[in-house]
*Asks:* 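One structure follows; several queries about it will come next.
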Amino acid sequence: CSRPSEHRMSVKCLKNTHSRTAHLVTMVQMSCLLSFQLWSAINVPICLYHCSISTNSSCSETKMSPVKTPRETQLRIGKILGTLNQLMPPRPFTHVNTTTSATHSTVSILNPRHTYCRGDQLDVLLEARDHLGHRKEYGGDFLRARMSSPALKAGASGKVTDFNNGTYLVSFTLLWEGRVSLSLLLIHPSEGVSALWRARNQGYDKIIFKGKFVNGTSEVFTECSLTPNSSTELCTYLYGRDQEAFYCEKPPHMPCEALTHVTTKNREISYLTVKEKSLFHKSKVGIEMMKDLKNIDVSHCNSKEKSAEKCQIGMKTPVPGGYTLQGRWITTFCDQIQLDTNKTNGCLKGKLIYLLGDSTLRQWIYYLPRVVKTLKFFDLHETGPFKKHLLLDAEQHIQIQWKKHGYPFVTNHLYSVIDEGFIPQEIDRLSGDKNTAIVITFGQHFRPFPIDIFIRRAISVRKAIERLFLRSPDTKVIIKTENIREMHIETERFGDFHGYIQYLTLNDIFKDLNVGVIDAWDMTIAYGTDNVHPPDDVIGNQINMFLNYIC
């Protein structure tokens with residue numbers, strides 16, 4: 001069998017001879033069995049079709065070579081996983097009383113003052129205690145710090161430093177004048193973090209994928225997955241140069257090429273014990289730890305405004321990267337211009353914009369026509385909420401396209417996979433130039449799966465961006481991080497703990513690449529929007545930040 005083209009999807013079928021247990025590795029086993037776990041998902045006996053996809057649905061019995069992920073990618077995945085495992089060591093517990101208690105933990109302002117000035121830093125020391133009042137001797141609690149002035153529609157995130165001994169430093173930069181309230185939420189105790197981390201990496205089967213195969217008037221649904229976990233004959237769909245894979249059970253009397261749509265639903269499975277589940281009851285998630293602290297009054301104090309350089313791609317984003325005041329997002333590291341309708345029209349003129357990601361980025365393409373009235377949707381004769389969306393303004397030569405990212409994509413809607421939007425492939429198809437801009441976001445749909453899936457995709461996206469910059473260094477690429485979401489929905493599958501780990505991972509993988517960053521995690525904490533789809537004022541400010549990068 002010949003090797004498939006690196007630039008095109010190839011289809012293969014296989015008989016899986018591996019045990020399912022290769023993918024159900026415990027947290028303790030994960031470090032020492034890392035290589036086996038990753039390679040067991042890709043080193044399988046296969047039959048590859050030629051570059052032009054064959055219509056033959058049967059698999060040859062000849063011995064074939066396994067598909068291999070590049071060694072440097074494997075090493076990078078292993079290194080990142082090792083770092084994450086060190087951040088979240090196993091924290092078994094015998095009783096809920098030994099876990100961190102928001103009520104018994106103590107917070108105190110360091111070096112308190114009568115007068116605080118705009119621009120000052122206010123530091124708070126947290127000493128974590130359990131429900132019996134005993135000091136915790138280790139860190140790892142998942143905390144969220146925020147300061148706000150509701151009357152001013154103002155908010156900003158705080159920075160948490162974990163000393164790994166039960167104490168934390170919580171730092172706030174006082175960015176506006178007025179009465180400010182401080183908040184520190186205990187999202188999960190360290191024992192809950194440890195349980196979620198183990199449960200996440202223990203299996204790929206929290207989500208059921210169903211593939212729809214069509215042959216003339218016949219339709220058949222079979223089970224699909226991100227790993228070859230069936231003993232039946234499988235169709236394997238490979239994407240990109242690193243050949244990330246998606247598998248479906250092959251329906252009888254139908255070729256693998258007959259797959260047209262996919263849908264998903266949650267599988268009734270959990271890798272948490274009954275005792276661990278008790279840590280994630282609604283009453284125990286997101287508990288305030290600063291309820292006894294009084295509000296802080298912040299004065300102007302003749303503080304001088306620091307001059308900042310215009311916002312541009314490649315700038316490093318601090319914490320916090322900005323704050324909201326009167327509903328407007330104001331950056332802390334660059335001079336951001338607020339664009340009105342006319343300026344927005346001028347900025348977009350002649351631009352080709354590709355929005356690649358999930359529905360939090362699809363919100364942009366719904367929002368833009370309300371601001372730029374000349375932008376009109378072009379009917380591509382597709383159906384469903386996850387179809388490709390296209391906005392056009394022929395006179396101004398503006399084209400804006402949204403396309404969902406490739407597997408995993410979690411929704412109970414049936415969505416087409418005929419033109420699957422695998423982000424690295426989409427980037428490889430673009431020639432790029434100074435008037436081309438790409439916005440990328442992914443993460444929400446990766447939360448229910450072991451972290452290696454997300455790491456592998458992030459590395460693949462980075463490689464594609466590097467290839468793009470070789471042929472077109474003037475192309476503008478912006479990464480939008482994922483945002484926080486509802487705090488009490490499906491913690492094991494979709495909780496913000498998983499999003500935060502991905503946020504840290506993404507920042508590490510892209511930190512030295514010349515891309516712009518829209519820190520939606522920081523922004524949505526500042527706005528206090530615990531919604532997977534933030535309101536329009538947040539979306540408008542994200543788009544304004546994007547326009548500042550490209551114009």
Side-chain angles (χ1 to χ4, degrees), residues 102 141-146 148 150 153 155-158 160 183-189 192-193 195-197 199-200 206-208 264-272 276-289 324 327 329 357-364 366-367 385-386 404-405 408-413 441-449 451 454 480-504 506 518-542:
D141 297 311
F142 183 36
L143 307 170
R144 180 176 298 163
R146 180 175 182 259
S148 63
K153 296 182 181 178
S157 66
V160 178
S183 170
L184 181 65
L185 299 182
L186 174 62
I187 309 295
H188 305 305
V193 165
L196 287 174
W197 181 238
R200 173 170 187 172
K206 299 184 188 76
I207 301 294
I208 299 172
T264 70
K265 66 178 182 178
N266 294 344
R267 190 186 296 273
E268 294 302 317
I269 189 172
S270 172
Y271 295 106
L272 298 173
E276 288 169 341
K277 287 180 182 178
S278 71
L279 297 176
F280 307 110
H281 291 163
K282 187 174 181 179
S283 62
K284 295 179 180 177
V285 175
I287 309 302
E288 182 60 65
M289 306 184 83
T324 172
W329 180 251
D358 56 32
S359 57
T360 66
L361 199 53
R362 185 186 60 189
Q363 287 182 276
W364 286 27
Y366 289 159
Y367 182 93
F386 300 110
K404 69 172 184 59
H405 65 67
F409 204 84
V410 180
T411 175
N412 56 11
H413 291 279
T441 192
F442 58 99
Q444 296 282 353
H445 293 258
F446 288 74
R447 292 185 181 193
F449 305 101
I451 192 71
F454 177 81
K480 184 185 83 69
T481 69
E482 62 189 283
N483 46 262
I484 63 172
R485 64 179 299 167
E486 298 81 1
M487 204 173 290
H488 304 291
I489 295 180
E490 292 280 1
T491 301
E492 184 177 354
R493 288 184 177 90
F494 297 108
D496 274 343
F497 159 73
H498 301 307
Y500 183 62
I501 297 305
Q502 292 176 174
Y503 170 74
L504 295 178
L506 197 73
I518 295 174
D519 195 336
W521 189 271
D522 184 41
M523 189 179 288
T524 49
I525 290 177
Y527 276 95
T529 58
D530 296 322
N531 191 322
V532 68
H533 297 120
D536 279 352
D537 56 343
V538 178
I539 300 304
N541 279 285
Q542 289 177 355

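For the single chain, residues carry numbers from 1 onward in sequence order. Because the structure is predicted, anything quoted here is derived from the model rather than measured. Reckoned from all heavy atoms, side chains included, excluding hydrogens, waters and symmetry mates.
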*Asks:* May I ask you to decide if Ile484's main-chain N or O and Thr524's side chain share a donor-acceptor pair within less than 3.5 Å?
*Replies:*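 Yes, the answer is positive, given that a donor and an acceptor are paired below the 3.5 Å cut-off.
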
*Asks:* Judged by atom type as modelled, is there a donor-acceptor pair below 3.5 Å linking the side chain of His488 to the main-chain atoms of Ser283?
*Replies:*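 Answer holds: no.
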
*Asks:* Could you check whether the rings of Trp521 and Tyr500 sit parallel, tilted or perpendicular, using 30° and 60° as the cut-offs?
*Replies:*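 Tilted, since the angle between the ring planes falls between 30° and 60°.
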
*Asks:* Within this structure, what is the CE-CZ distance for the pair Met487 and Phe280, rounded to the nearest 0.5 Å?
*Replies:*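 One finds 14.0 Å between CE of Met487 and CZ of Phe280.
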
*Asks:* On a heavy-atom basis, which atom in Phe386 and which in Ser359 lie closest, and how many Å separate them?
*Replies:*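 Closest approach of Phe386 to Ser359: CE2-CB, 4.4 Å.
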
*Asks:* If the condition is side-chain hydrogen bond (donor to acceptor under 3.5 Å, both in side chains), which residues does Arg362 pass it with, not counting sequence neighbours?
*Replies:*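 Listed in chain order: nothing, the list is empty.
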
*Asks:* Considering all heavy atoms of both residues, which atom of Ser270 and which atom of Lys277 are nearest to each other, and what is their separation?
*Replies:*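 Closest heavy-atom pair between Ser270 and Lys277: OG-CE, 3.2 Å.
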
*Asks:* Considering the options Asp519, Asn483, Thr481, which one meets the side chain to side chain donor-acceptor pair (under 3.5 Å) requirement together with Tyr503?
*Replies:*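 One option only clears the test, and that one is Asp519.
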
*Asks:* Main chain of Thr411, side chain of Thr264: is a donor-acceptor contact present, judged purely on distance under 3.5 Å?
*Replies:*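 Checking the backbone N and O of Thr411 against the side chain of Thr264, a donor-acceptor pair under 3.5 Å is found.
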
*Asks:* Would you tell me whether Thr360 and Gln444 have side-chain atoms, one donor and one acceptor, within less than 3.5 Å of each other?
*Replies:*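 No, Gln444 and Thr360 have no side-chain donor paired with an acceptor closer than 3.5 Å.
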
*Asks:* Do the two ring centres, one from Tyr366 and one from His533, sit under 6.0 Å apart?
*Replies:*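 Between Tyr366 and His533, the centre distance exceeds or equals 6.0 Å.
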
*Asks:* Any side-chain to backbone donor/acceptor pair from Gln542 onto Ala520? Under 3.5 Å, distance only.
*Replies:*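 Such a contact is absent between Gln542 side chain and Ala520 backbone.
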
*Asks:* Decide yes or no for Leu185 and Glu288: does some side-chain heavy atom of the first lie under 4.5 Å from some side-chain heavy atom of the second?
*Replies:*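 Yes. Closest side-chain heavy atoms under 4.5 Å.
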
*Asks:* Flag the pair Glu482 and Arg447 as a salt bridge only when some basic side-chain nitrogen lies within less than 4.0 angstrom of an acidic carboxylate oxygen.
*Replies:*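 Yes.
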
*Asks:* State, yes or no, whether a side-chain contact exists between Pro534 and Gln363 at a heavy-atom distance under 4.5 Å.
*Replies:*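 Side-chain contact under 4.5 Å: yes.
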
*Asks:* Assess the residue pair Asn266 and Phe494 against the criterion (side-chain contact (heavy atoms from CB on, under 4.5 Å)); give the C-alpha distance rounded to whole Å, side-chain angles, the decisive distance to 0.1 Å, and a yes or no.
*Replies:* CA-CA 11 Å; Asn266 294 344; Phe494 297 108; 4.2 Å; yes

*Asks:* When you check the gap from the basic side-chain N to the acidic O, do Asp537 and Lys153 get nearer than 4.0 Å?
*Replies:*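 Judged by the 4.0 Å cut-off on N to carboxylate O distance, Asp537 and Lys153 do not form a salt bridge.
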
*Asks:* Evaluate the ring planes of Phe446 and Phe454, with Trp represented by its six-membered ring, and classify them as parallel (under 30°), tilted (30 to 60°) or perpendicular (over 60°).
*Replies:*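 Correct class here is perpendicular.
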
*Asks:* Are the side chains of His188 and Leu279 in contact, using a 4.5 Å heavy-atom criterion?
*Replies:*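 Side chain of Leu279 against side chain of His188, heavy atoms only: no contact under 4.5 Å found.
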
